[in-house]
Number of protein chains: 2
Amino acid sequence: MPQNPPPRRRDSQATRAALLKAAGELFAERGYDRTTVRDIAARAGANQALLFRYFGTKEDLFNAVVAHRGMDLLHAGPAEQLPHRILELFLADAPEGSDHPILAMLRSAVVGKESMELRKEMGRAYVRSLAELAEGPEAELRAELVLAWLVGIGFCRSVLGSDNLRAAPADRVEAEVRRGISALLDLDAPVTPS
Amino acid sequence: MPQNPPPRRRDSQATRAALLKAAGELFAERGYDRTTVRDIAARAGANQALLFRYFGTKEDLFNAVVAHRGMDLLHAGPAEQLPHRILELFLADAPEGSDHPILAMLRSAVVGKESMELRKEMGRAYVRSLAELAEGPEAELRAELVLAWLVGIGFCRSVLGSDNLRAAPADRVEAEVRRGISALLDLDAPVTPS
DNA sequence: GTGGAAAGTAAGCGACTGCTTACATCTTTG
DNA sequence: CAAAGATGTAAGCAGTCGCTTACTTTCCAC
């Protein structure tokens, strides 16, 4: 079996990863505009110039962050649990997953053409997955409304700091949301709580 | 009847209003961080320094914009039509109302303590109004979920640029949303479309 | 008219931004 | 070992930002 090479003192892959991680955290905490390349490099323990050598541009780095982990949640389980996974991310008290690119996107209105396309692509992927749960000719529209709801919950809680959403237990919120989603997706299913 | 005073050449009130209007438009279009005090002054046809003389700080100006017109929608009609009014604002194709501070807030994650408090205050007012439509002990939580939904729709459509939400006719979207809201608010009312 | 406050202006300060350059140091390979 | 590429670093450039200052112009009460 191929022996692992001795640990490199200089490890471009490791610094690349560190930059990617630091960028993900900071973008999610502060949004794109309020995050500085100097901050990212400092948190990653790397030199500023390397950020540009490896990623080209601040916006390219943002796109790399989004592309790298943006589809995590989508493919982390079956489609019917996707709303649950999204809510779990948004309603978590602990900072686990607080660096998720979805949160970064909620806080960042990046304007570049490429970022815009990447963002729309991600949205389409999520909608396509959610649409599997819906029936009828307007399945995609309904799926998009579900996604909008989840996004709105994340935005109100994380960015606006809504009190009720922070105080209520996560499963209580989820039960309510499930009622609404059922009413939206299953056209004639009975609306039963929990 | 009191004759209007002859049009003043130098009108501090008028320039104040012009600055407020230009700021509202630009904040709503680009968000807080991507809006420059130079841009605001230019669009208002006023000098930069006046902005600081009249409003003190860029963030103070933002707060003034929000406080000035933030409660418009809330008090523009009865509470039971509030969801309709919000959706009307978010789903409008024309740029009418595109300078509304609600849109500005969706695009701006202003960090200052005062802005945060103002934003939360507005959120509470809207939730209080929506909670009148709900029943049961969890009325406020449900109201907040309704608000989150509307906010999410505005965010996905205006900031993320979701395709389905842009393509679908406004009344179609509204009918779907009304179904979900009914399921959320009226605990045992039958779920009837439109 | 005239003095003085109000309204408007031009210029620039200092700090910060994204990004580049020129250079030092390590690691691998022939 | 030596050349060469990969990796890391320090310094700074050019532009922009929010905000201030020193000044001129207009307006109104007397």
Side-chain angles (χ1 to χ4, degrees), chain A residues 2-23 26-27 29-65 104 108-115, chain B residues 2-23 26-27 29-65 104 108-115:
Chain A
Q3 181 181 345
N4 283 344
R8 288 174 280 181
R9 305 286 194 70
R10 290 187 162 189
D11 190 337
S12 66
Q13 294 230 58
T15 51
R16 253 192 84 105
L19 284 167
L20 214 51
K21 184 185 169 204
L26 286 168
F27 284 143
E29 289 171 19
R30 313 180 190 172
Y32 182 82
D33 284 317
R34 304 193 96 90
T35 298
T36 294
V37 293
R38 285 171 174 81
D39 293 337
I40 298 174
R43 180 172 293 199
N47 189 284
Q48 231 203 103
L50 294 179
L51 187 154
F52 293 97
R53 174 132 70 206
Y54 292 143
F55 297 97
T57 279
K58 185 191 177 188
E59 189 169 334
D60 288 343
L61 173 57
F62 182 83
N63 292 339
V65 167
S108 309
V110 190
V111 289
K113 193 187 169 193
E114 205 171 346
S115 307
Chain B
Q3 181 181 347
N4 285 345
R8 288 174 279 183
R9 307 285 195 71
R10 288 187 160 193
D11 188 338
S12 66
Q13 296 230 60
T15 51
R16 252 192 84 104
L19 284 168
L20 215 50
K21 184 186 169 203
L26 285 168
F27 285 144
E29 290 171 15
R30 313 179 190 172
Y32 182 82
D33 285 316
R34 305 193 94 91
T35 298
T36 294
V37 292
R38 286 170 173 83
D39 292 337
I40 298 174
R43 182 173 293 198
N47 189 284
Q48 230 202 104
L50 295 178
L51 186 153
F52 293 96
R53 174 133 67 208
Y54 292 143
F55 297 97
T57 277
K58 184 192 176 186
E59 189 168 337
D60 289 341
L61 173 57
F62 182 82
N63 292 340
V65 165
S108 308
V110 189
V111 288
K113 191 186 170 192
E114 204 171 348
S115 308

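Chain naming here is simple, since letters A, B, ... match the order of the sequence lines and numbering starts at 1 in each. Predicted model, so just to flag it, every value in this text is computed and none were measured.
Taking 4.0 angstrom as the limit, Thr15(A) places none of its side-chain polar atoms (N or O) nearer than this to OP1 or OP2 of dT7(D). Look at Tyr54(B) and you'll find a side-chain N or O under 4.0 angstrom from OP1 or OP2 of dG8(C).
Across the helix from dG1(C)-dC30(D) to dG30(C)-dC1(D), the helix axis at one end is tilted relative to the axis at the other end by 10° (nearest 10 degrees, each axis from five pairs).
For the pair Leu20(A) and Tyr54(A), the minimum side-chain heavy-atom distance is 4.5 Å or more.
Rounded to an integer number of Å, the gap from Leu50(B) CG to dT9(C) P is 7 Å. Separating the CG atom of Asp11(A) from the P atom of dT7(D) is a distance of 8 Å, rounded to the nearest angstrom. Rounded to whole Å, atom C1' of dT17(C) lies 12 Å from atom CZ of Arg34(B). Here dT17(C) presents its C1' atom at 16 Å from CG of Leu26(A), a figure rounded to the nearest Å. For the pair Phe62(A) CZ and dG18(C) P, the computed distance is 14 Å after rounding to whole Å. Atom CG of Asn47(A) and atom C1' of dT9(D) are 5 Å apart (whole Å).
Looking at the side chain of Ser12(B), the nearest of the listed nucleotides dT7(D), dA7(C), dG8(C) is dA7(C).
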Every protein N/O within reach of nucleotides 22-25 of chain C N/O, cut-off under 3.5 Å:
| from | atom 1 | to | atom 2 | distance (Å) |
| --- | --- | --- | --- | --- |
| dT25(C) | O2 | Arg10(A) | NH1 | 2.7 |
| dT25(C) | O2 | Arg10(A) | NH2 | 3.1 |

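When the side chain to side chain donor-acceptor pair (under 3.5 Å) test is applied to Ser115(B), the partners found at least two apart in sequence or on another chain are Glu59(B), Asn63(B). Among residues two or more places apart in sequence or in another chain, the ring pair (Phe, Tyr, Trp, His ring centres under 6.0 Å) test is passed with Tyr32(B) by Phe27(B), Phe62(B). Taking the side chain to side chain donor-acceptor pair (under 3.5 Å) definition, one finds that Arg34(B) meets it with Asp33(A), sequence neighbours left out. Qualifying salt bridge (charged side-chain N to carboxylate O under 4.0 Å, His left out) partners for Asp39(B), counting only residues two or more places apart in sequence or in other chains: Arg30(B).
Residue Ala104(B) comes nearest to Ser108(B) through the heavy atom pair O-OG, 2.7 Å, listed as atom of the first residue, atom of the second, then distance.
Between atom CG of residue Asp60(A) and atom CG of residue Leu51(A) there is a gap of 10.0 Å, rounded to the nearest 0.5 Å.
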Please list, one pair per line, the donor and acceptor atoms closer than 3.5 Å that link side chains of residues 41-49 of chain B to other protein atoms, with sequence neighbours excluded.
| from | atom 1 | to | atom 2 | distance (Å) |
| --- | --- | --- | --- | --- |
| Arg43(B) | NH1 | Glu25(B) | OE1 | 2.9 |
| Arg43(B) | NH1 | Glu29(B) | OE2 | 3.1 |
| Arg43(B) | NH2 | Glu29(B) | OE1 | 3.4 |
| Asn47(B) | OD1 | Ala49(B) | N | 2.8 |

(Q) Base contacts versus sugar-phosphate-only contacts with protein, heavy atoms under 4.0 Å: please encode nucleotides 12-19 of chain D as B, S and - from 5' to 3'. (A) B----BBB
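Evaluation of the side chain to side chain donor-acceptor pair (under 3.5 Å) test over residues 14-23 of chain B, restricted to residues two or more places apart or in two chains, returns none.
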